[in-house]
There are 2 protein chains.
Amino acid sequence: MEKKVLIVYAHQSAGSFSAAAKEAAVDVLKSKDCSVEVSDLYATKFKATATAEDITGEVKNSEHFRYAEETKLAWDEGRLSADITEEQRKLQEADLVIFQFPMYWFTVPAILKGWFDRVLTLGFAYTKEKRYSNGIFKKTKALLSFTTGSQETMFSPTGINGDMNVTLWPLQNGILHYCGFQVLAPQIFWAPEDATPEGRSAMLAAWNTRLQGLLDEKPLFYAPMDCFDCESFQLKPESVEKLVKEFGPTAGTHCGKPLPPNNQMKAGV
Amino acid sequence: MEKKVLIVYAHQSAGSFSAAAKEAAVDVLKSKDCSVEVSDLYATKFKATATAEDITGEVKNSEHFRYAEETKLAWDEGRLSADITEEQRKLQEADLVIFQFPMYWFTVPAILKGWFDRVLTLGFAYTKEKRYSNGIFKKTKALLSFTTGSQETMFSPTGINGDMNVTLWPLQNGILHYCGFQVLAPQIFWAPEDATPEGRSAMLAAWNTRLQGLLDEKPLFYAPMDCFDCESFQLKPESVEKLVKEFGPTAGTHCGKPLPPNNQMKAGV
C-alpha cells in the first residue's frame, strides 16, 4: 500500500543544504510511490509561540492560563486553531515523519520547537496512559535529519561539545519516543558549510542511498514501558537485571553505567 | 558594588507558579541591592523565529540566507533589529541571568529558544576563538530555573524520562557554557501542579532561601578549554589521565565512563 510521508522542514533559504536534503527526500520517496507532504515552516510563517490564540473561542481559565490543559480541552471540542489542526491531520495520516533542519544551539530552531510545542498537544499526541512504547504514534516512524555547525569529533564522548548521543536524548526520547514514535537513526550532515562542494555532494548521495530503504529500517532501542514500575516509572529490579550489563540500556536511562555507545545514533545497539 | 540581574521570563500567565518564582527572584535580589531587569517574553510578544527581518537594511545574500553569518555582519554594523539589540544590551550589563520557564518537551519553550537563537548571535555572544571557558560571557553567571510536569523519580538514571543531567547537558553546556557563562546549579521545581498548596509554598520558600546567597554560589564544573586539543577539540591524553577516574569528567564528555552523578545539577561534583 502507498505510504504517506510528512516532511517538517525548517530552513529560511531555498538555496541551503537543508533545502537540498529535503528535496532529495521528496524526490526519492515519491519515486518509491510514497505520497509526500511538506510543512515548510518559514515559508508559511508558522507561529512558534504557544499562546491563548491557539484556541478558538473562550479559554477556560484566562487568569491562570495553562497551555497543556487548555489545548487538551480545545482539542476535545475541535477548537484548536486552523494551523495546528492542519498539522495534526498531516501527522495523523503519516507513516513516516522526517524533520529536516539545521541544528541551532544543540537542538531544533525555535520555529520547529514551536511546531513540537503547539502540534503535539495533550490528548492528541499523548496522555498519562499513552506514552513511550504505549504511545499514540507507535505505528509511525520519525527521523531527525539535520546539519551541524561543528565537526563530528567535537560531538564525541571525548569532545568539547559532548557525546551527540547525549545531545539527542531529550529530542529523540523526550519528544519523539514520548509520543510513541519509532525513532529511526538520525541523519546527521556534519558541518556541510565547512565541506568542499564534492564533500557536500557525497553527503547528499549517501542520504539518497539511505532514503531508498528508509521505510524498512529498524528503529532505535528504548526500554519498553513494561520494564518500568507503573507508579514511579523507574526500571523494575527484574528489568535492571535483564537490561543492565556492561552498559546501561540507553543514553538517558543509563543506571549509572557507561552509556551504550551510539544508542541514539544506531539501531540494534 | 551593585550587581545587575537580568531575568528572562517565559510564562503566559501572571497567576502561574513560574510567575511566583520570578517575583520571588525580583523581590529578594532587589532587597540585596541588585538592580533587576525582567524580559517578559510573552507579554512583549517576543519574536521567536530567526528570519531576515532581524536585520535592518539589506542582507548580504538573500538567495542563500545564512542566519549566523548575516546576523554577524549586521551586528558588526549595528543593523540588528531593535528588540535583539535591547536584549543584547541587558545581557551585556548583567552579572547574573536567570531564565525562568516551564519545561516544555524536555527543554525551553519555543519563545525562549527564540531568545537564544536571536540574541546570542555570532560575534556578540561567541566566536570560533571565544567559546566555552574562553567565552565572551565568562564573567557572567547564568541559571536555569524551571518547573517540570513529571516527578523527580522519572528523571533519574533509572527513570523512564532519563537522567535530568543528560537532559540539561545541551542547554547548560551547549548554550550557556558555550558562550562562556558560569552555569549555576539549576533551580528545579518538580511537578508543582501535582503538589499541594503547602508543597508549592515550601518550594518557593526554598527558592527564597537560595536566592539570598545566589550571587556567591560556585558554578558547575566543565573541563576548561586548555584540556582540549585546539584542532580536534577532543580531550588531550594528559587531560584524560587527569580528569577520568571512576567517572567521566562531565555528563557530555564522559569518555565512555559512567556519568559523574549530578554533574549538571550540583557544583563541586
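Lettering of chains follows the sequences in order, A, B, ..., and the numbering in each one begins at 1. Source: prediction; values computed, not measured.
Contact tally against chain B (heavy-atom pairs below 4.5 Å) for A:Pro102, A:Ser16, A:Pro109: the top residue is A:Pro109. Of the listed residues B:Gly15, B:Gly162, B:Pro157, B:Gly252, the one with more heavy-atom pairs under 4.5 angstrom with chain A than any other is B:Pro157. Ranking A:Leu235, A:Thr107, A:Thr153, A:Asp229 against chain B, the residue ahead of the rest is A:Thr153, based on heavy-atom pairs under 4.5 Å. Ranked by heavy-atom pairs under 4.5 Å with chain B, the first of A:Thr167, A:Ile111, A:Ile175 is A:Ile175. Highest contact tally toward chain A, considering only B:Glu152, B:Gln151, B:Met154, is held by B:Met154 [criterion: heavy-atom pairs under 4.5 Å]. If you tally non-hydrogen atom pairs under 4.5 Å between each of A:Trp169, A:Phe46, A:Phe116, A:Trp115 and chain B, the highest count goes to A:Trp169. Annotation: maximal heavy-atom pairing with chain A below 4.5 Å, among B:Ser232, B:Gly248, B:Gly114, occurs at B:Ser232.
For A:Arg131, the part sitting under 4.5 Å from any heavy atom of chain B is the side chain, from C-beta outward, and nothing else. Looking at A:Val108, the atoms closer than 4.5 Å to chain B (heavy atoms on both sides) all sit in the backbone: N, CA, C or O. Neither the backbone nor the side chain of A:Lys47 comes within less than 4.5 Å of any heavy atom of chain B. Contact of B:Asn173 with chain A is made through the side chain alone, with heavy-atom distances under 4.5 Å. Contact annotation for B:Ala223: neither backbone nor side-chain heavy atoms come within less than 4.5 Å of a heavy atom of chain A. For A:Leu41, no part lies under 4.5 angstrom from a heavy atom of chain B. Neither the backbone nor the side chain of B:Leu112 comes within less than 4.5 Å of any heavy atom in chain A. For chain A, the nearby part of B:Ala251 is the backbone; its heavy atoms alone come within less than 4.5 Å. For B:Arg66, the part sitting under 4.5 Å from any heavy atom of chain A is the side chain, from C-beta outward, and nothing else. Neither the backbone nor the side chain of B:Phe247 comes within less than 4.5 Å of any heavy atom in chain A. With a 4.5 angstrom heavy-atom cutoff, A:Ala10 does not touch chain B via any of its atoms.
Scanning both residues, B:Phe65 and A:His11, for their nearest heavy atoms gives O-CE1, 3.7 Å. In terms of heavy atoms, A:Tyr42 sits closest to B:Thr49 at CE2-CG2, 3.3 Å. Contact record, B:Lys113 with A:Tyr104: NZ-O, 2.9 Å, taken as the closest heavy-atom pair. Among all heavy-atom pairs drawn from A:Cys179 and B:Trp105, the shortest one is SG-CH2, 3.5 Å.
From A:Ser150, atom OG reaches atom NZ of B:Lys128 across 7.5 Å, with rounding to the nearest 0.5 Å. Annotation: the span from A:Ile160 atom CD1 to B:Tyr222 atom OH amounts to 12.0 Å, rounded to 0.5 Å.
In this structure, A:Glu193 and B:Glu69 have side chains that are in contact, with non-hydrogen atoms separated by less than 4.5 Å. Between B:Phe106 and A:Tyr178 the shortest side-chain heavy-atom distance falls below 4.5 Å. Taking the side chain as every heavy atom from C-beta outward, B:Tyr132 and A:Asn161 approach each other to under 4.5 Å.
Counting non-hydrogen atoms of other residues, nucleotides and ligands closer than 6.0 Å to NZ of A:Lys236 gives a total above 12. Within a 6.0 Å sphere centred on CD of A:Glu238, other residues, nucleotides and ligands contribute more than 12 heavy atoms.
Residues of residues 255-264 of chain A lying within less than 4.5 angstrom of chain B, judged on heavy atoms, are A:Cys255, A:Gly256, A:Lys257, A:Pro258, A:Leu259 in numerical order.
Put simply, the side chain of B:Ser13 gets close to the backbone of A:Glu63: a donor and an acceptor are under 3.5 Å apart. Side-chain N or O atoms of B:Asp117 include one that pairs as donor or acceptor with a backbone N or O of A:Ala110 at under 3.5 Å. A donor-acceptor pair under 3.5 Å is formed between the side chain of A:Gln12 and the backbone N or O of B:Ala50. For B:Thr253 (side chain) and A:Gly159 (main-chain N/O), a donor-acceptor pair under 3.5 Å exists by modelled atom type.
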If you apply the rule side chain to side chain donor-acceptor pair (under 3.5 Å), what do you find for B:Gln234 with A:Thr158, and how did you get there? CA-CA 5 Å; B:Gln234 303 224 36; A:Thr158 51; 2.4 Å; yes

